[in-house]
J.: 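Dumping the structure here so I can ask a few things about it.
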2 protein chains.
Amino acid sequence: MEASKSKKQTILEAAAELFRDRGYVATSMRDLADAVQLKASSLYNHISGKEEILQTICFQNANRFLAGMKEIEKRPINNTDKVKALIHLHIQIATEDFTSITAFNDEWRHLSDPELSRFKELRRDYELRFKSIIQAGIDAGEFVSVDTTIALFTIISAVRWIYDWFKPNRAISMDQLEEQIERILLGGLGVKGV
Amino acid sequence: MEASKSKKQTILEAAAELFRDRGYVATSMRDLADAVQLKASSLYNHISGKEEILQTICFQNANRFLAGMKEIEKRPINNTDKVKALIHLHIQIATEDFTSITAFNDEWRHLSDPELSRFKELRRDYELRFKSIIQAGIDAGEFVSVDTTIALFTIISAVRWIYDWFKPNRAISMDQLEEQIERILLGGLGVKGV
DNA sequence: CCTACCGATCGGTAGG
DNA sequence: CCTACCGATCGGTAGG
């Protein structure tokens, strides 16, 4: 059970790739079966249905972001460095696991309740925690006084689509990518000498 | 033909709304027919098929962005003001027409060739024009020296998802929204006193 | 893990 | 603009 990648894991990874390329709805169980060299009916020996796959991808990533957030919250650093760490977290997840992150970003709305509501709650929790850090940074005089909602979504959106256009093989290294995005976003918050 | 909104226009608007809420693939012609009080077969008296609707939405918006870009390019203003005008353009389109803009942003990949290739070309053209303005701003000493690709996509992404979270009825007015986003993004490019 | 198959639904057409 | 209907494909199950 630990020997090699389990068949279930293989299925989940192939599904994430198909969901990214064609979307959840446009990916059929037969497409997925072909990708893992199985007949469609055999998939059901490993998973309970199509939506279980989507649920797994969505909640795995949601939990990853939240775990990263909670770890960063506990660090004894100022708010500027926390925002930097969060930008780093987003970029790291987006570049490390860019297949499943696309499905996570774009396909969660095809979840059914109660999972859909639970997913939205997790996302909202994450956003509120992020917003608190921005607010704390403003209160501490680290950032200029901006609307925290606008700042939050500007930052999240700016890093959200990295997987869409960042090709790791380009003239830009991952470190440069991160340094420049930090400079633009933190510079925008009025932090000097980012 | 000019008396009231044509039936075709009604269908296109209902489709944009359904595509936004459920996605292109998950919206059936029967869903759409119900929304405009018709039988599915009657839709084909107004449109040639499902994909024509998607094409119309995608290219209408692509042309709107490009027309705005070309108008801004011609203005006798500096690059800082051009970037401001482009941010204004994105925010304006996103808030004015936020239904079809969602379909435009998220569903274009379901186009088939040759329309898919044509759409990507239009988008690339827009991006290159935007990038040229950023580069010109750097050359003129208006912006700090950043990677133009990173700056371009950071800006585009940051304004791309406004329709996702901006509720016009909130405590933030559209002018405030725009002013604050400009401040964050242009501040990030090193422009003083935005 | 497969063959065989289910009812439901898809985009679209024929014909009036 | 409708009724009636087409072949294709969907997610999933029965049974071995």
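The chains referred to below are lettered A, B, ... by the order of the sequence lines, with proteins before strands, and numbering in each begins at 1. Below, each value reflects all heavy atoms present in this structure, side chains not excepted, and no hydrogens, waters or symmetry copies.
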J.: Could you grab the distance from atom OG1 of Thr148(B) to atom CD of Glu127(B), nearest 0.5 Å is fine?
T.: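 Between atom OG1 of Thr148(B) and atom CD of Glu127(B) there are 11.5 Å.
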
J.: When the distance from NZ of Lys39(B) to P of dG11(C) is rounded to whole Å, what number comes out?
T.: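 Spelled out: NZ on Lys39(B) to P on dG11(C) is 16 Å.
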
J.: Within the 4.0 Å heavy-atom criterion, would you say Ser28(A) contacts the bases, only the backbone, or no part of the nucleic acid?
T.: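 Touches sugar-phosphate only.
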
J.: For Phe19(A) and dG11(D), what is the distance between atoms CZ and C1' respectively, to the nearest whole Å?
T.: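 For the pair Phe19(A) CZ and dG11(D) C1', the rounded distance is 12 Å.
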
J.: Without decimals, in angstroms, what is the distance between Arg30(A) CZ and dG11(D) P?
T.: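 Rounded to the whole Å, the gap is 7 Å.
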
J.: In the structure shown, which nucleotide is the Watson-Crick or G-U wobble counterpart of dA14(C), with both distances under 3.5 Å?
T.: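 Across all strands, the one nucleotide that pairs with dA14(C) is dT3(D).
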
J.: Go through the steps to decide whether Glu73(A) and Met69(A) satisfy the test side-chain contact (heavy atoms from CB on, under 4.5 Å), and finish with yes or no.
T.: CA-CA 6 Å; Glu73(A) 284 174 333; Met69(A) 169 64 81; 3.9 Å; yes

J.: Between dC2(C), dC10(C), dC1(C), which nucleotide has the shortest distance from any of its atoms to the side chain of His46(A)?
T.: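 The closest nucleotide is dC1(C).
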
J.: Measure CD1/Ile47(A) against P/dT13(D) and give the value in whole Å, please.
T.: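 Atom CD1 in Ile47(A) sits about 11 Å away from atom P in dT13(D).
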
J.: Can a salt bridge be assigned to the pair Glu96(B) and Arg64(B) using a cut-off of 4.0 Å between side-chain N and carboxylate O?
T.: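 Between Arg64(B) and Glu96(B) there is a salt bridge, with a charged N closer than 4.0 Å to a carboxylate O.
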
J.: Distance check needed: dC1(D) C1' versus Lys8(B) NZ, whole Å only.
T.: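 That distance rounds to 17 Å.
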
J.: What's the CG-P distance between Leu18(B) and dG11(C), to the nearest Å?
T.: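 For the pair Leu18(B) CG and dG11(C) P, the rounded distance is 12 Å.
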
J.: Is the distance between the ring centroids of His90(B) and Tyr126(B) under 6.0 Å?
T.: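 Tyr126(B) vs His90(B): aromatic centres under 6.0 Å.
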
J.: Ignoring the backbone of Lys7(B), work out which of dG12(D), dG12(C), dC1(D) is nearest its side chain.
T.: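 Selected nucleotide (nearest to the side chain): dC1(D).
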
J.: I'd like to know if Asp81(A) pairs up with Arg75(A) as an ion pair, taking the criterion as any Lys NZ or Arg NE/NH1/NH2 lying under 4.0 Å from an Asp or Glu carboxylate oxygen.
T.: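 No, this pair does not count.
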
J.: Checking contacts here: which listed nucleotide (dC2(C), dT3(D), dC10(D)) is nearest the side-chain heavy atoms of Ser41(B)?
T.: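 Shortest atom-to-atom distance from the side chain points to dT3(D).
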
J.: Please state how far atom CG in Leu43(B) lies from atom P in dT3(D), giving the value in whole angstrom units.
T.: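 Roughly 14 Å, once rounded to whole Å.
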
J.: Given dG11(C), is OP1 or OP2 found less than 4.0 Å from the side-chain N or O atoms of Lys50(B)?
T.: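 For dG11(C), OP1/OP2 do have a side-chain N/O of Lys50(B) under 4.0 Å.
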
J.: Measuring from the side chain of Leu38(A) (C-beta onward, heavy atoms only), which nucleotide among dG12(D), dA4(D), dC1(C) has the closest atom?
T.: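 The closest nucleotide is dC1(C).
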
J.: Starting from C1' on dC10(C), measure out to CD on Glu51(B) and report it in whole angstrom.
T.: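 Spelled out: CD on Glu51(B) to C1' on dC10(C) is 15 Å.
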
J.: Contact class for Thr27(A) (heavy atom, under 4.0 Å): base, sugar-phosphate, or nothing?
T.: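 Result for Thr27(A) = sugar-phosphate.
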
J.: On DNA chain D, nearest-nucleotide positions of Asn45(A) versus Met29(A): which is more 5'?
T.: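 Going by which nucleotide is closer to the 5' end, it is Met29(A).
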
